[in-house]
Amino acid sequence: MTKPLSVGVAGLGTVGAGVLRLLRDNAALVTARAGRPVAVTAVSARDRTRDRGVPTSGLRWYDDPVALASDPGVDVVVELIGGSDGPAQALVQAALAAGKPVVTANKALLAVHGAVLAAQAEQAGVTLAFEAAVAGGIPVIKALREGLAGNRIDRIAGILNGTCNYILTTMRERGREFADVLAEAQRLGYAEADPGFDIDGIDAAHKLSILAALAFNRPVDFASVHIEGIRTVSALDIAFATELGYRIKLLGIARRTEAGIESRVHPCMVPQAAPIARVDGVFNAVVAEGDFVGRVMLEGRGAGAGPTASAVVADLIDLARGRMTPVWGAADAALSHLPSVPMSAHHGAYYLRLMVVDRPGVIADVTAALRDAGVSLESMIQRGRAPGEAVPIVLVTHETNEAAMRGALDAIAAMDAVLEPPALIRIEPA
Ligand SMILES: NC(=O)c1ccc[n+]([C@@H]2O[C@H](COP(=O)([O-])OP(=O)(O)OC[C@H]3O[C@@H](n4cnc5c(N)ncnc54)[C@H](OP(=O)(O)O)[C@@H]3O)[C@@H](O)[C@H]2O)c1
């Protein structure tokens with residue numbers, strides 16, 4: 001039989017243990033598809049005594065994950081520790097320097113150091129594979145880099161964080177507030193004890209920066225992503241969205257414009273009829289628009305041991321077969337250097353919700369501020385007259401410029417009659 005691919009796995013947590021389990025349970029079909037056995041021979045984690053749910057006896061154990069890179073019996077290093085720096089970064093650098101291919105699920109590492117690591121992999125002539133880093137079990141990296149390789153991609157948009165999608169879905173279905181649903185998600189294990197990376201949009205932005213690098217063949221540029229999370233989304237806005245025919249989703253969007261590449265993560269109102277509006281709960285989805293293929297949507301589980309292991313093993317099978325693709329789909333020298341477009345240049349329609357004191361002249365003042373900034377209104381909802389008390393006013397604008405909208409918002413927020421910071425949600429076409 002052909003020589004097995006010998007794998008060293010660093011990190012035996014949710015994903016690492018999942019990979020060991022998949023390789024054990026599906027050994028025969030993986031061998032057939034890889035053309036040879038794929039065998040884990042060495043591992044690293046912090047706690048040697050912890051039960052991983054899969055046997056690790058008989059495997060070489062390293063307390064220091066970086067030692068996997070210099071184990072002569074390891075053909076490929078799988079990094080499943082996590083974090084943009086520290087041991088994960090040290091291990092990946094050491095493996096590439098030793099001329100060993102790397103498979104990782106680490107979006108934070110790729111978003112922050114991906115440009116340098118990709119150049120290092122290319123110089124070493126080895127693969128840096130990361131199917132599991134974006135949208136877990138959805139094979140979106142392969143789809144963008146290989147399946148859609150004949151297309152000029154103009155836009156990608158995705159639900160890239162299952163925790164946020166679960167929270168927004170539950171808020172809508174049960175009419176509950178954000179803090180309440182977040183606490184429940186933490187109890188159920190759908191949200192981390194420290195949920196900041198998820199709910200503040202950082203995790204989605206890490207993934208978006210990777211997708212944008214693939215879609216537009218340019219080095220990953222996390223710093224250029226405009227990021228807003230979901231903490232400020234209220235049950236009231238979700239109810240108004242429904243009334244207006246929208247769903248609120250946290251989307252990551254990267255778009256080719258005349259000025260360059262716009263990339264942003266923020267809550268969006270998407271038409272209820274759009275396929276992505278119906279992706280609920282912990283599910284993820286990515287929509288890609290190519291000039292020849294048109295629109296493609298992929299949906300599935302974006303996290304969890306099984307889906308993420310599925311993606312890691314797909315990369316291992318490619319390696320076993322000798323299939324190799326440049327990290328961002330084109331060689332370093334062939335990458336484009338399209339500029340990043342700042343959020344202030346964004347063009348789109350907006351939903352604006354104000355809590356105002358119900359008294360004569362307030363609406364005239366608000367609409368005048370919008371007019372003065374060059375923002376035109378498409379519709380307005382004013383409900384429940386309660387003279388002297390707080391009432392919501394909802395305004396939907398025609399397409400306008402972000403800088404103009406921000407100017408109007410500053411003027412409106414400064415008005416005496418406006419009681420809370422205005423809620424602003426961008427409306428995104430399907
Ligand atoms: N969980 C998911 O659904 C998912 C989905 C997509 C991508 N990812 C990515 O996959 C990676 C792993 O995530 P995970 O959820 O599996 O994390 P996890 O459950 O926290 O596991 C991390 C593992 O790394 C080990 N580790 C931490 N520091 C170490 C060190 N200094 N030396 C050696 N081992 C060390 C831990 O060892 P001990 O067990 O001994 O503490 C643990 O086994 C992350 O990059 C994550 O972003 C995760």
Side-chain angles (χ1 to χ4, degrees), residues 8-22 40 42-54 56 59-69 71 77-92 94-95 102-114 117 128-141 158-166 185 188-198 202-211 222 282-284 286 300-315:
V9 177
L12 294 174
T14 305
V15 183
V19 168
L20 264 57
R21 216 163 24 248
L22 193 162
V40 176
V43 292
S44 173
R46 280 176 302 207
D47 182 354
R48 224 180 246 249
T49 61
R50 181 177 297 174
D51 178 10
R52 310 281 169 181
V54 271
T56 53
L59 306 178
R60 294 186 295 288
W61 180 281
Y62 292 100
D63 290 323
D64 175 11
V66 179
L68 283 173
D71 179 332
V77 167
V78 178
E79 183 281 303
L80 301 171
I81 295 172
S84 60
D85 302 287
Q89 184 193 16
L91 171 60
V92 172
V102 171
V103 175
T104 179
N106 191 335
K107 53 257 175 173
L109 174 71
L110 288 166
V112 178
H113 301 297
L117 293 174
L128 171 60
F130 51 93
E131 184 61 70
V134 180
I138 307 175
V140 64
I141 304 298
I159 294 175
L160 300 172
N161 186 275
T163 303
C164 288
N165 206 39
Y166 169 83
L188 293 172
Y190 294 152
E192 304 279 335
D194 176 5
F197 251 51
D198 290 321
I202 297 158
D203 176 73
H206 283 151
K207 294 166 182 166
L208 181 71
S209 66
I210 295 168
L211 292 182
F222 174 64
V282 295
F283 278 76
N284 285 17
V286 177
R301 289 182 191 280
T308 314
S310 156
V312 169
V313 172
D315 283 340

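All ligand and atom numbering here is 1-based and tracks the order in the structure. The shown structure was predicted, so the numbers you read here are calculated from the model rather than taken from an experiment.
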| task | Provide the number and element of each atom of ligand 1 under 4.0 Å from a heavy atom of Leu12. | result | 23 (C), 42 (C), 43 (O)

| query | At a 4.0 Å cut-off, with the gap strictly under it, does some heavy atom of Gly136 reach an atom of ligand 1? | reply | no

| field | Per atom 12 (C) of ligand 1, closest listed option by heavy atom (Leu80, Val312, Leu91) | value | Leu80

| query | Is any side-chain heavy atom of Phe283 less than 4.5 Å from a side-chain heavy atom of Ile138? | reply | no

| request: Kindly state if atom 34 (N) of ligand 1 has a protein heavy atom within a strict 4.0 Å cut-off, that is, under 4.0 Å? | output: yes

| Is there at least one pair of N or O atoms, one from Gly13 and one from ligand 1, spaced under 3.5 Å apart? | yes

| Looking at atom 20 (O) of ligand 1, is any protein heavy atom nearer than 4.0 Å to it? | no

| said: For Thr308, which part has a heavy atom under 4.0 Å from ligand 1: side chain, backbone, both, or neither? | reply: side chain

| Taking every non-hydrogen atom, the tightest pair across Asn284 and Asn161 | OD1-C, 4.0 Å

| query | Passes side-chain contact (heavy atoms from CB on, under 4.5 Å), Asp85 versus His113? Steps please. | reply | CA-CA 9 Å; Asp85 302 287; His113 301 297; 2.7 Å; yes

| query | What closest approach, in Å, do Val66 and Ala94 show between heavy atoms, and which atom pair accounts for it? | reply | CG1-CB, 3.8 Å

| Going by the order shown, which atoms of ligand 1 are within less than 4.0 Å of some heavy atom of Ala303? | 3 (O)

| query | Going by the atom numbers of ligand 1, which of them fall below 4.0 Å from some non-hydrogen atom of Ser44? | reply | 33 (C)

| message | With nothing but distance in play, are any N or O atoms of Gly304 less than 3.5 Å from an N or O of ligand 1? | response | yes

| Does the pair Leu110 and Val134 meet the rule for a side-chain contact (heavy atoms from CB on, under 4.5 Å), with working shown? | CA-CA 10 Å; Leu110 288 166; Val134 180; over 6 Å; no

| Rounded distance [0.5 Å steps], CD1 in Ile81 versus CZ in Arg46 | 8.5 Å

| Contact (N/O only, under 3.5 Å) between Val15 and ligand 1 | yes

| Nearest non-hydrogen atom to atom 40 (O) of ligand 1 belongs to which of Asp47, Thr14, Val66? | Asp47

| query | Which residue and non-hydrogen atom of the protein lie closest to atom 26 (N) of ligand 1, and at what distance in Å? | reply | Ile81 CG2, 3.8 Å

| query | At what distance is the nearest protein heavy atom to atom 9 (C) of ligand 1, and which residue and atom is it? | reply | Ala105 O, 3.3 Å

| query | Any idea which heavy atoms bring Ala132 and Val312 closest together, and the distance? | reply | CB-CG2, 3.6 Å

| said: Are Thr56 and Leu20 packed together at the side-chain level, in the sense that at least one heavy-atom pair is separated by less than 4.5 angstrom? | reply: yes

| said: How far is atom 44 (C) of ligand 1 from the closest protein heavy atom, and which atom is that? | reply: Gly82 CA, 3.6 Å

| request: For the residue pair Tyr166 and Tyr190, categorise the inter-ring angle as parallel (less than 30°), tilted (30 to 60°) or perpendicular (more than 60°). | output: perpendicular

| message | Tell me whether Ala10 reaches ligand 1 (any heavy atom closer than 4.0 angstrom to a ligand atom). | response | no

| message | With heavy-atom distances below 4.0 Å as the criterion, list the atoms of ligand 1 near Pro87. | response | 31 (N)

| note | In ligand 1, the atoms that come under 4.0 Å of a heavy atom of Arg52 are 38 (P), 39 (O), 40 (O), 43 (O)

| Does the side chain of Leu160 reach to within under 4.5 Å of the side chain of Val286, using non-hydrogen atoms? | yes

| So with a 6.0 Å cut-off around CZ of Arg60, is the heavy-atom count from everything else above 12? | yes

| Quick one: which of Arg50, Lys107, Arg48 has a heavy atom closest to atom 7 (C) of ligand 1? | Lys107

| remark: One finds that the ligand 1 atoms under 4.0 Å from a non-hydrogen atom of Gly11 are 23 (C), 24 (O), 25 (C), 43 (O)

| note | CD (Glu79) and CD (Gln89) are apart, to the nearest 0.5 Å, by 10.5 Å

| side-chain contact (heavy atoms from CB on, under 4.5 Å) between Val92 and Leu117, intermediate numbers included | CA-CA 8 Å; Val92 172; Leu117 293 174; 4.1 Å; yes

| Do the side chains of Trp61 and Arg48 get nearer than 4.5 Å, heavy atoms only? | yes

| task | Tell me which part of Pro65 gets within contact of ligand 1: side chain, backbone, both or neither, using heavy atoms under 4.0 Å. | result | side chain

| message | Minimum distance, heavy atoms only, to atom 37 (O) of ligand 1: which one of His206, Arg46, Lys207, Glu79 is it? | response | Arg46

| Does Ala132 approach ligand 1 within less than 4.0 angstrom via side chain, backbone, both or neither, non-hydrogen atoms only? | backbone

